[in-house]
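Only one structure is covered here, and it is reproduced in the block below.
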Amino acid sequence: MAGRLEGKIATVTGGASGIGRATSLAFAREGAQVVIADVDADGGGETVEMITRAGGGATFVQCDVTQAADVEAMVAHAVSTYGRLDCAFNNAGVEGANAQLADCPEDDWDRTLTINLKGVWLCLKYAVQQMLKQGGGGAIVNTSSISGLSGAAGAGAYGVSKAGVAHLTKIAAQQYAGQRIRVNAVCPGGIHTPMTTRVGSDPQLLEVMEKMHPLGRMGEADEVAEAVLWLCSDATSFVTGHLLAVDGGFLA
Ligand code: NAD
């Protein structure tokens, strides 16, 4: 049976770790050629190795999503290596400081907004330009968060950046629907990744986080990857501008 992304070319930012790595593996398993982009070259190389060992196709490109030249080069790499771009998973992000708004250091505010929001915008910008050059069509998925859809007190700059990603997704979906470029977002709840290990290093806090999800646990990166795969596949050919919570019922 053909894979759900057979013959497609995809970029994944933040592909060196967590949700990005799991999605890169899922894309490759379903027949896509994957360009893994990250600031972390070691982790990115490991993801490529995991894909290659499983019989899939992938390459790594070092890319800081806050730098327009890097993002442009990532898309150019996809085109020069594989000929085109069909799917972009704009996922790289950081957790930011755990600070109330009045205590948030200005440099942390700037860094969080620049990586999480400007980074997604730059990735969308160059992906759309390439998709338009190819005559239109394509699927873009951005990573927002439950923190982007609700005003949780603990979220701060991170929540603001993820709300920006949600809104960016809706605007882009409207702007490029006429050219058949679908733009959606996933909004994960708490997911076991290196990011949550950093945030929830206190086991008691982690236990509270697990219980806050009605399904009684946090999610796994593979469970988010399946949602991204679905949004990039032709199964969702009539879905655009959607913010898909993958959150064990958290927002419900
Ligand atoms: P992670 O820390 O495991 O992975 C994030 C990846 O992004 C890392 O490989 C890191 O090197 C990369 N990255 C960071 N800054 C970058 C930059 N400037 N340019 C390129 N790459 C950069 O975290 P994760 O949990 O897999 O997070 C992935 C995305 O999911 C993030 O956007 C995060 O905000 C979002 N998210 C995570 C959770 C969760 O509970 N883990 C929940 C909601 C949303």
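Index from 1, following the sequence. Remember, predicted model here, so these are calculated numbers, not experimental data. All ligand and atom numbering here is 1-based and tracks the order in the structure.
Residue contacts with ligand 1: D64 is placed with a nitrogen or oxygen under 3.5 Å of a nitrogen or oxygen of the ligand (distance criterion only). Geometrically, ligand 1 and G20 share no nitrogen or oxygen pair separated by less than 3.5 Å.
Heavy-atom contacts of C63 reach the following atoms of ligand 1: 19 (N), 20 (C) (cutoff under 4.0 Å). Of all the atoms in ligand 1, the ones that sit under 4.0 Å from a non-hydrogen atom of T143 are 29 (C), 30 (O), 32 (O), 35 (C). Of all atoms in ligand 1, listed by their number and element, those nearer than 4.0 Å to a heavy atom of I19 are 26 (O), 30 (O), 37 (C). Atoms of ligand 1 found under 4.0 Å from any heavy atom of S144 (numbered from 1 in listed order, with element): 44 (C). Near A16, with a cut-off below 4.0 Å to any heavy atom, the atoms of ligand 1 are 9 (O). Against a heavy-atom cut-off of under 4.0 Å, N91 is close to the following atoms of ligand 1: 28 (C), 29 (C), 30 (O), 31 (C), 32 (O).
Checking T169, V65, N90 one by one against V120, the side-chain contact (heavy atoms from CB on, under 4.5 Å) holds for a single residue, N90.
For the residues T114, T13, V65, the heavy atom positioned nearest atom 19 (N) of ligand 1 is part of V65. One option in M218, R198, H192, M195 has a heavy atom closer to atom 23 (O) of ligand 1 than any other, and that option is M195. Of the candidates D38, D247, D40, D38 brings a heavy atom nearest to atom 10 (C) of ligand 1. In this comparison of G14, G190, G189, G93, the heavy atom closest to atom 14 (C) of ligand 1 sits on G93.
Annotation: atom 43 (C) of ligand 1 to nearest protein heavy atom, P188 O, 3.4 Å. Protein heavy atom closest to atom 36 (N) of ligand 1, with residue, atom name and distance, is Y158 OH, 3.4 Å. For atom 40 (O) of ligand 1, the closest non-hydrogen atom on the protein side is I191 N, 2.8 Å. Looking only at heavy atoms of the protein, atom 16 (C) of ligand 1 is closest to V39 CG2, 4.0 Å. At the shortest separation from atom 1 (P) of ligand 1 among protein heavy atoms lies S17 OG, 3.6 Å.
Contact annotation: for T193 versus ligand 1, heavy atoms closer than 4.0 Å belong to the side chain alone. The residue A37 has no part lying near ligand 1, judged by heavy-atom distances below 4.0 Å. Residue-level proximity to ligand 1 for T196 is carried by the side chain, the only part with a heavy atom below 4.0 angstrom. Neither the backbone nor the side chain of C187 has a heavy atom within less than 4.0 Å of ligand 1. For E95, no heavy-atom contact with ligand 1 is shorter than 4.0 Å.
In this structure, C187 and D247 approach most closely via the heavy-atom pair O-CB, 4.4 Å. Between E223 and V246, the shortest heavy-atom distance links the atoms O-CG1, 3.8 Å. The shortest non-hydrogen separation linking T236 to C232 is OG1-N, 4.4 Å.
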* To do: Please test K8 against E30 for salt bridge (charged side-chain N to carboxylate O under 4.0 Å, His left out), starting from the C-alpha separation and ending with a verdict.
  => CA-CA 9 Å; K8 304 276 191 199; E30 295 295 332; over 6 Å; no

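Residue G119 places every heavy atom at 4.0 Å or more from ligand 1. Taking 4.0 Å as the cut-off, R21 does not count as a neighbour of ligand 1 on heavy-atom distance.
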